[in-house]
Amino acid sequence: MELMELTKEIARRKTFAIISHPDAGKTTLTEKFLLFGGAIQTAGAVKNNKIRKTATSDFMEIEKQRGISVATSVMGFDYAGKRVNILDTPGHKDFAEDTYRTLTAVDSVILVVDCVKGVEEQTERLMEVCRMRHTPVIIFINKMDREGRNPFELLDELEEKLQINVRPLSWPISQGQTFKGVYNLYEKALNLFEANTTRISETLISIDDPNDPELEKWVPESFCRKLREDIELIEGVYEPFDETLYRDALLAPVFFGSAINNFGVRELLETFLEIAPSPERRDAAERTVEASEEAMSGFVFKIHANLDPNHRDRTAFFRICSGKFERNKFYHHTRLNKKIRFSSPTQFMANEKSVIDEAWPGDVIGLYDNGSLKIGDTLSEGESLHFRGIPSFSPEIFKALENRDPLKSKQLDKGIRQLTEEGVAQLFTQHGTRKIVGTVGELQFDVIKFRLEHEYGAQCDFLPLRFHKAFWITSDNAEMVEEFLRRKWNTVGTDKEGHPVYFAESEWMLKVAREDYPDIEFHTTSEFKTAGAEE
Ligand code: G4P
């Protein structure tokens, strides 16, 4: 009985992230999904929530001033019998590492592209991470109500720049001011909606044959003709959609639409729910774990501090990989080798947080944490498991941390340790005592400074260092490592676990180091540490 329930719950879960270059329309699309799911009543709620947060917390001023969303959040809702879990990610590139980590907790991704701008810098980077992780991707080309590029040209650009085969599953009827909606190539159906920016739109017509003369009543003849020609061309040029290729991350289905006007969103959502993978299996260092196994397992991919200094607790975001999670049940904390239980695990439904008694594979729940959980930690029912693919990536900006108030050095130490545990930045040590903070963006230094001051009462300065990237080093040749560390004493250090790291000053210096020390391997992620795997 239990097992049947587990299978049923897994099959109805879709856990994914919507990702995009900033401004492509990620927030708008998320809102429209929530509207369809009945999780919110009018659009604007997600943004309003952002504003509310800024009003209650100074730290969020940073977010407001810069007009970006810093925090990752989870939004769950039920739609057509399915449980949809959307993991929101910060769009700004300075918080890219947060986004990459969130991508370790999803089963698929919807990538939003602006039809005027096409593939942008962050689009490419995010796609790279998806490729690395073999995450199935659906592409939504947004803002078709603008005079953007020709859809066929956009498809070519996606293939070329994102290095993935594409297959359109919906097709725009006209574009720009005369954009009418989309033809659903997957369902072979056409539903035209009234444009509506705040609520679910009324259906104008529903037909299942683009040659139906009924279409001419709603759409000018020339558009109808063009649509019929385009459909013929697409069906001639592209192979029929192959779901297996999509699930193997070798083919990206493409949808067109305008999120703000609700065009093409229902087609996207409904097809997504049909084809997107439910939780299946995850690789741990020890073995592959099937979602359908009865024993609960999962991992922490994000730690979020309470931004209110009066409540210094933290929430660990926990992705369930297998079995049923139960409130108050003791679980095995692999890293600490101890039993731990949670009396008030929370789930996130739209903007609401509530305590739950149970959760299933694919769900992301919030665990109250007083400091015993770290990013990458695994909980199980006794087995020692380490889930793969939650590495630290090499930071790109390095600064030395200087204490400005010697009386507060304890606070500074504690603060920087906790903030780096949350994944805000990475901490390295050089020459035993010098602390180096590494991030992917300048913005995190502002965040760290602000939070150290407001949450820990510590004052600090950051001195820029001319390091280009950090490389974790491994080798079977202990003598060579020793020599390397001695000779490069000025550009080596250790990460938080004490693993040796080389701070290359440039790509060229790395090349030289590789040539001079052929037995040493240089890794750009820390993955090999837990997984025993090479890059
Ligand atoms: P992001 O989360 O990816 O950063 O993008 P977001 O949804 O915030 O959208 C960025 C801007 O693009 C917003 O305008 C939004 O209204 C607009 N937008 C989203 N979808 C569409 C669409 O289908 N067509 C058109 N024409 N615009 C779209 P804004 O002026 O920055 O914000 P707002 O004041 O309108 O909220």
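Note that the structure is predicted; figures quoted are calculated from it, not measured. Order of appearance sets the numbers: ligands from 1, and atoms from 1 within every ligand. One is the number of the first residue; the rest follow in order along the sequence.
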Do [X] and [Y] have side-chain N/O donor and acceptor atoms under 3.5 Å apart?
X	Y	value
Asn184	Asn191	no
Glu267	Tyr183	no
Tyr79	Glu270	yes
Glu121	His21	no
Lys496	Thr420	yes

Q.
Using heavy-atom distances only, which candidate in Asp23, Val112, Leu29 approaches atom 1 (P) of ligand 1 most closely?
A. Asp23
Could you tell me which atoms of ligand 1, counted from 1 in the order shown, lie closer than 4.0 angstrom to a heavy atom of [X]?
X	value
Pro22	4 (O)
Ser258	22 (C), 23 (O), 24 (N)
Ala259	23 (O)

Q) How about Trp171 and Phe152: are their ring centroids closer than 6.0 Å? A) yes
Select one of side chain, backbone, both or neither to describe which atoms of [X] lie under 4.0 Å from any atom of ligand 1, heavy atoms only.
X	value
Asn142	side chain
Arg146	side chain
Ala24	backbone
Ile260	both

Q) For ligand 1, is there an atom lying under 4.0 Å from some heavy atom of Asn261? A) no
Q. Do any N/O atoms on Gly257 end up under 3.5 angstrom from N/O atoms on ligand 1?
A. no
Q: Using the ring of Phe223 (Phe, Tyr or Trp, six-membered ring only), decide whether Lys180 places NZ or CZ under 6.0 Å from its centre and within 45 degrees of its axis.
A: no
